[in-house]
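Data first, discussion second: the structure below is written as structure tokens.
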Amino acid sequence: MSETVEADEQTHGTGEAILEVEGLRKTFGGITAVDGATFEVEEGTVTGLIGPNGAGKTTTFNLISGFYEPDGGEVRYRNQDLQDIMRPSDTEQGIWMSASGMTFGGIGLAAAASAGVSTLGLGGAALVGAGLGAGVYQAEEKVKNDVLEVRNKRPFRVSQEGLSRTFQLTRELQGLTVLENLMLAPQDQRGESLTNAWFRRGAVEDEENEVRQRAVEMLEFLELDHLTNEYAGNLSGGQRKLLELGRVLMTDPDLILLDEPVAGVNPALTDKLLQRIENLREQGYTFCIVEHDMEVIMNLSDTIIVMDQGKKLMQGTPEEVQNDQRVVDAYLGG
Amino acid sequence: MPPSTGLANAIVTGLVTGSIVALGAIGLALVYNIAEVPNFAHGELLMLGAYMALLVNKPATVPVFELLTQAQAARELTAVGFAVLFLLAAGSALAAVYLLGGMPALKGSWWPGDPSSALALGVHLAVAAVLGVLVVVGFPSIWTGLLLSALMLAWIAPFLEKVIFQKFRAKDASLATMLIVTLGLSFVLRFGTQAFYGGQVRTYVVPQVGSVFGYDVGLSAAKFFDLYVTGSGITMHVIDTGPNPDQAMFTATYSWLAALALLAATVGVAFAAYRWRSGGAEGYGTGHTVGPKLTAALAGIVTFVALLFALSGGGTVPDSSAFSTRIRLSLMRASVVVIAVVMMGLLHFLLQETKLGKAMRASSDNIDLAKITGINTDRVMMATWIIAGAFAAVGGVMLGVLFAQLTVNMGFFLLLPMFAGVILGGLQSVYGAILGSYIVGLSMDVGIYAIPDIGSVYRIPIAFAILFVVLLVKPEGITGG
Amino acid sequence: MALSSSLVSLGIIVGIYAILALGLNIKFGYTGLLDIGHVAFYLTGAYVTALLVLPPASEQAFTTYILGWNWPWLPAIAVGTLVAGLLGMLVALPAIRLREDYLAIAVLGISVILKRIVQSEGWLANGPGSLRGFSQPFRDFFPLPGDTVQTAALLGFVVLVLWTVATYVLAQVGTERGSELAADGGERTDGSGASTEPRSDGGVTRDRTISGTPGIGGWVVDALLALTTLGVGYVAARRSRMETGETEQRVLLGAGAVFGLAAGAVAWQSFEWWSPFGVSLDWLFGLVVFAAVTAGFYGANRRYAPLAGAITATAAFGAALVMGDSPMVAFVFLSALSLFTWVFGAVAVARRYSDLSGRDFATALGLAVVFVACFAPLIVLGGGSGDVMSSVGLFVTMGLLVAFLYGVYYVGSNWSRFGSGVEFVRIVGVGAIWLFVIRYFVMANIVPFQRNGFGAVVDNTIQNLLWLMKFQAGTALFDYSRFLLVLTLASLAMLYYLSEITVESPFGRVLKAIREDEDVATSLGKNTFAYKVQSMMLGSALAGFAGGLTAIYFQSLVHTMFAPRITFIAFLALIIGGTANNKGMILGSTIYWSFQKATADIKAFFPTAAGSSISALRLAFIGALLIVILYYRPEGLWGEKRTLAEVSEE
Ligand SMILES: Nc1ncnc2c1ncn2[C@@H]1O[C@H](COP(=O)(O)OP(=O)(O)OP(=O)(O)O)[C@@H](O)[C@H]1O
Ligand SMILES: [Mg+2]
């Protein structure tokens, strides 16, 4: 896989849209950061997202990954509304309901006890309270969903579904070592459940060894292996970018949103990373990349979306984008 | 049969409570916003203020200082004692200014314009001396105690900033660290005070009777305001419980028509005032200080009180009434509200009219931006602490007066209501904090009244319950966006 | 009375607070949840336990409370722990979404309110009065030895705990010079027979001593260690450092199960207490013991440690049964272990400070001696009597102390000029150990010497050395407070272990990630909310357990015991020891309570009228200490424990 871009005319992708964004809007006070952006990302491609500073690219990423609640519009990932993905699962609703029931039950119990009724009465009061609590929770959920249309903000669900993102301003976990940063990332680790961590130590240990092995390999690839046991807080800016990239790859996502992944990374390593991204694309991963380095983005992308002032300015192949007058205006006119 | 106290009384009590909470909450909010210290030791500042007033009010109960009292009369000081008081008051004033910005501040660097340093220094010294003399002359009144403790706290609070919080800020301490530091500080202050004063409960000597325009008026004795609603109108009957037996002071009957007119006139005047101020708002220079809302409120109150007297027809207490209620209020309690309101007025003026106040507001919005735009944020920070300290001292003394006893825990118990007020008000502005505090104060007292079978030990839990609900439903507070 | 008794009560309270701090550490140290209302859960655990244990209120005069179900302690504490954990969850569910400062206020509020409720609701737990009238567990069987099966079983239990712990720590000691005592938790490396080589953290090979000292000295120390663990502990510890094969593991497990069964049977037969609904549920107790012991064997990585405990315990049980009332058995086992603690303590200190030169030790000794000397005026001129001379003594001492503190501060801040490259804090640490030695072995002998001369000194020293025994009227007994100590320390050891495996697991990693940056954890697909709730539950449950122990220890509960200052003390212990360092929690609460104890000693010199002022001053001092530590050493004395991966480089 050492084709250059020019030779890279063969089309990638399955033709299926993995991500659809429609009329997305987000305002901060008076500023409209994203203003009705509409676009699609095709599965198995690298989609570039460019635009002048403040065009709303990062905000769009935050909306897609569920970190911000949109003021309007919708995002569909694998034909599923992001809101549906982020809706609380049944178990969680169950926990909330029982908590609500427990609280009310406790109050009922206390009230009955202070009124000095018999044991039977106590039990009855507790039961009534519990029922009341459960009911209250159900009603509240109903109101929230149907009447208020409260938006769910549970971005971890999005990541669990295979849509992962990096942060433009790196956010490494400073007090964890580099290795721990990476080992944190894989999904559904057994030892993340407390019962397993306590009672199935052997199985957890085996999985830990496996994860550690993967993390070490990733560190070797990123050329960070000499920093394995260093605290992430002691890394340089470029190293942090790499760590962040490694971390998101460790989650084994399908769609990866990269916000300026190579800003501050040295050219040789940048080439290697781009190579890796191309490799991953061949394996079926999908990327959406924000990058200000035009050479990088033109070489890498199958499609490029240009944003300006919160709107999509145009979408097209790298050639089309390069030759478009509006794009030039947007960049020069600022 | 005399009427019993009811909702109206709870509301009035709530206003008094709210005033004290507000005095604390103002400082808490300012410090929270500008110095970014979630000050869990703020209650201790109130406590400290309350104990400082003892220096003047009951010097014989202050360890060490008691040596300077005259043996025969507990509330008489020796000459040395007076000298110490003078020095404390004057020195505090100077220390506060010094903390504002070091020697340059004493030489007038914080004054508007560019005054000559000799002049500024002279004025500072003169003012300090006047304050000292005031404290000496006013001894041993509780009001003088109030002045002294406000002066003391006006340097103690910024001093704490200087020796503790500034150091931690320089080390980029996290919010959690700051919070734990304030917890530690609250221990130091609370138990340091206890170690010094010992464990006993203290009390103030509060004058029972004061002279107002030559008349003797009971200050701490409750006045009963009985309201009777009858078919023909409303009767107000004021009783003074000071003398024995109780003495009726004032009886007034308002016919329904008069009551209606009173209400209509009040609302009308307030509304007119509002229109008047907001109408000319464009290009209106001082429109901010006395804004439309404030004007309306002031005009409304003035009208209300004026008409209250003007429309009162003499009358007698009706034999039977459809509804009657009693409000207990003493001059002392009323003065708590008045003092609080006056202090808030001063703060309002400071914030809106002075350069310092504008700088404070800017810093409160965004301290980094303020720094970039050339505001002396260090001075702003110190000013914040000075204000916070002075207000806390006043609040503390008022608290001591109100509950008639001082304990080292008194401030800690007020901490939750204060935080409740601040968060309720949205954490962003002092005005929110004031509003929040009154809401908290009212709901504590009205809650105790309204919830059956609930003892007054649950006042703070009620405040907290409100806070919790606000946190859950609208964590950005009632005024927050 | 020998000083060892006050050491014992110190140990109990340290254990309780260490558990409390462990809970807080999970919440704050690892997850970053600023729970300044931790005491609420402590209170819950204490009251729930007590209310379950108490007899019905109708059987007592002048007290009212709910429940009163006459439960035995074990289920009561379990339920208390559980309720505290559930309360933690209930509090967390709404509160945890809040900003960290709001969360702090919310939980503080909850703790204040809970205390208020307990204080003012008379029907709940006797309101403002104290809740008392419950008996301590197994109280009637003490002092040991006795001639019943129960007392033999209790002795067996005590021996089991002591030997297991002793063997475990022996097996943990690193062997490299300068390596810290138990440098790594030791939990990570030992999978179920994963690696085939001896562990790199110091498996003992033939010529290596456990004590790590080279040459003859090392062997002498090792012999002492062997002697004082009656051989069993030492051998097991050495064996435990070697690689254990699959079959061996299985044999060990089997042995554990058999011992568990035996222990369960003995417990069932010996203690009949629980018949709630007219049905005797003692078999349930036996089952619990069986399950607990077996699980202990299964869960422990170094199975030789519980095995050593089991063997010794069986021996002790059998011997006690045979010998009946004779104090010999208890004396042999417990004195041996008392001596072991001294030997081991000395080795541990020597190793931890192995990089310090003789001069450093001397400096530290000098510090300690000067500190003690500061009190000379007070002692010589007399104190507490309130006359002129004692006042003078008081003031001179105060002045000296201030001068001493300033001197320490001065030397400390200019340490680079005087010092030998060793951190000053460590010198102070050695100084504190010297201080302990002086207090325990020198000053404690002054009074006996004055009274009865040199013979009394020897006598007293021996009694203090054999601190696990209480010497009374010519015999040596194992009294109830010592049993409580063993109980507390056993709980602490278990909960420490539990905390360690929790925070070292992937679960703990997520907690740490949340502490560092919640958004990142979220972006990696972790349901941070669920983790925070679990962290709150776990931490609160630990606090609840500490509460249950408190109920046992104090035998009476009153609302003032649960003031917000308890949370504060827990925070202090946490910050002194080192945030996110479980071992630090033990250190922190040891330091705090030693300080309390020491100042309580000093208080005796002051006029009683000043007593309340001194107590207050103490708390004020602690507040100041917290600020100073946060400023000069925010990571605490031991800092966050670092987990280093040993990545095999091929
Ligand atoms: N949290 C926020 N609060 C207020 N305004 C914001 C916030 N985040 C973004 N904005 C505003 O929204 C606009 C778009 O910002 P965004 O970060 O999305 O731009 P961008 O395209 O990523 O720019 P860059 O290329 O510089 O990274 C900007 O004007 C910015 O000021
Ligand atoms: Mg961006």
Side-chain angles (χ1 to χ4, degrees), chain B residues 32 36 38 40-41 63 163-164 167-168 171 173-200 408-409 412-413 415-417 419-420 422-423 427 454-465 467-472 475, chain C residues 28 32-34 36 91 93-95 97-106 108-117 119-121 128 515 563-565 567-569 571-572 574-575 579 609-632 634:
Chain B
Y32 214 147
E36 289 176 355
F40 277 68
V163 294
I164 299 178
K167 298 246 165 79
F168 277 94
K171 286 182 78 175
S174 67
L175 189 67
T177 310
M178 277 292 195
L179 205 158
I180 300 174
V181 169
T182 65
L183 275 179
L185 181 63
S186 93
F187 260 59
V188 174
L189 295 180
R190 182 160 10 137
F191 293 107
T193 308
Q194 186 175 352
F196 183 70
Y197 279 89
Q200 311 96 311
V408 287
N409 286 325
F412 182 75
F413 287 138
L415 187 69
L416 277 179
F419 263 116
V422 171
I423 294 175
L427 204 60
I454 193 165
S456 61
V457 284
Y458 285 106
R459 296 175 94 227
I460 286 158
I462 289 178
F464 176 75
L467 169 67
F468 209 58
V469 169
V470 170
L471 282 179
L472 291 183
Chain C
F28 178 66
L33 298 170
L34 194 50
I36 56 174
V91 170
L93 284 179
R97 295 172 192 273
L98 303 175
R99 278 170 44 169
E100 85 186 314
D101 42 349
Y102 287 8
L103 175 78
I105 295 163
L108 176 68
I110 286 170
S111 77
V112 169
I113 289 173
L114 217 57
K115 176 171 175 282
R116 249 319 135 80
I117 291 176
Q119 176 184 355
S120 52
E121 297 298 323
R515 178 192 68 192
R565 84 177 61 144
T567 312
F568 187 79
I569 294 169
F571 260 106
L572 184 78
L574 186 144
I575 283 164
T579 322
S612 107
S613 283
I614 303 232
S615 306
L617 204 60
R618 201 152 71 166
L619 286 167
F621 179 82
I622 280 171
L625 185 68
L626 187 76
I627 298 177
V628 168
I629 293 178
L630 275 175
Y631 187 74
Y632 288 104

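The sequence lines fix the lettering, A, B, ..., with proteins before strands; numbering per chain opens at 1. Given the structure is predicted, the values throughout are model-derived calculations rather than measurements. All values below were derived from every heavy atom in this structure, side-chain atoms included, with hydrogens, water molecules and symmetry-related copies excluded.
In terms of heavy atoms, C:Ala620 sits closest to B:Gly192 at CB-N, 3.6 Å. In terms of heavy atoms, C:Phe28 sits closest to B:Ile180 at CZ-CD1, 3.8 Å. Shown here for C:Ala106 and B:Phe464, the closest heavy-atom pair between the two residues is O-CZ, 3.0 Å. Here the closest non-hydrogen pair linking B:Gln194 and C:Ser613 is O-OG, 4.2 Å. Taking every heavy atom of both residues into account, B:Tyr458 and C:Arg116 meet most closely at OH-O, 4.5 Å.
Looking at C:Ile36, only its side chain comes within 4.5 Å of chain B, counting heavy atoms on both sides. Both the backbone and the side chain of C:Tyr631 come within contact range of chain B, each with at least one heavy atom under 4.5 Å from a heavy atom of that chain. Both the backbone and the side chain of C:Tyr102 come within contact range of chain B, with heavy atoms under 4.5 Å apart. For a residue to count as touching a neighbouring chain, one of its non-hydrogen atoms must lie under 4.5 Å from one of that chain's; by this rule B:Tyr32 touches chain C with the side chain only. Contact annotation for B:Leu189: neither backbone nor side-chain heavy atoms come within less than 4.5 Å of a heavy atom of chain C. Of the two parts of B:Leu183, the backbone and the side chain both hold a non-hydrogen atom closer than 4.5 Å to a non-hydrogen atom of chain C.
When the candidates C:Leu617, C:Leu572, C:Thr567, C:Ile113 are compared by the number of heavy-atom contacts under 4.5 Å with chain B, C:Ile113 comes out ahead. For the options B:Ile423, B:Val408, B:Thr177, heavy-atom pairs under 4.5 Å to chain C are most numerous at B:Ile423. When each of B:Ala463, B:Ala176, B:Pro38 is scored by its heavy-atom pairs under 4.5 Å with chain C, the top score falls to B:Ala176.
Rounded to the nearest 0.5 angstrom, B:Phe168 CZ and C:Ile627 CD1 are separated by 6.5 Å. For the atom pair CD of B:Glu36 and CG of C:Asp101, the computed distance is 10.5 Å after rounding to the nearest 0.5 Å. To the nearest 0.5 Å, atoms CZ (C:Phe621) and CZ (B:Phe191) are separated by 15.5 Å. Atom-to-atom distance recorded for C:Leu630:CG and B:Lys167:NZ is 14.5 Å, nearest 0.5 angstrom.
Inter-residue side-chain proximity for B:Phe40 and C:Leu108 is flagged as met; some heavy-atom pair is nearer than 4.5 Å. A heavy-atom distance below 4.5 Å is found between the side chains of B:Phe412 and C:Pro564.
For residues 185-196 of chain B, every residue pair satisfying the salt bridge (charged side-chain N to carboxylate O under 4.0 Å, His left out) rule, not counting sequence neighbours, is listed here: B:Glu44-B:Arg190.
Among the candidates B:Leu179, B:Leu467, B:Val422, B:Leu415, the single residue satisfying the side chain to side chain contact (heavy atoms under 4.5 Å, CB included) test with C:Ile105 is B:Leu467.
Not counting sequence neighbours, the partners of C:Arg618 by the side-chain hydrogen bond (donor to acceptor under 3.5 Å, both in side chains) test are C:Gln596, C:Thr599.
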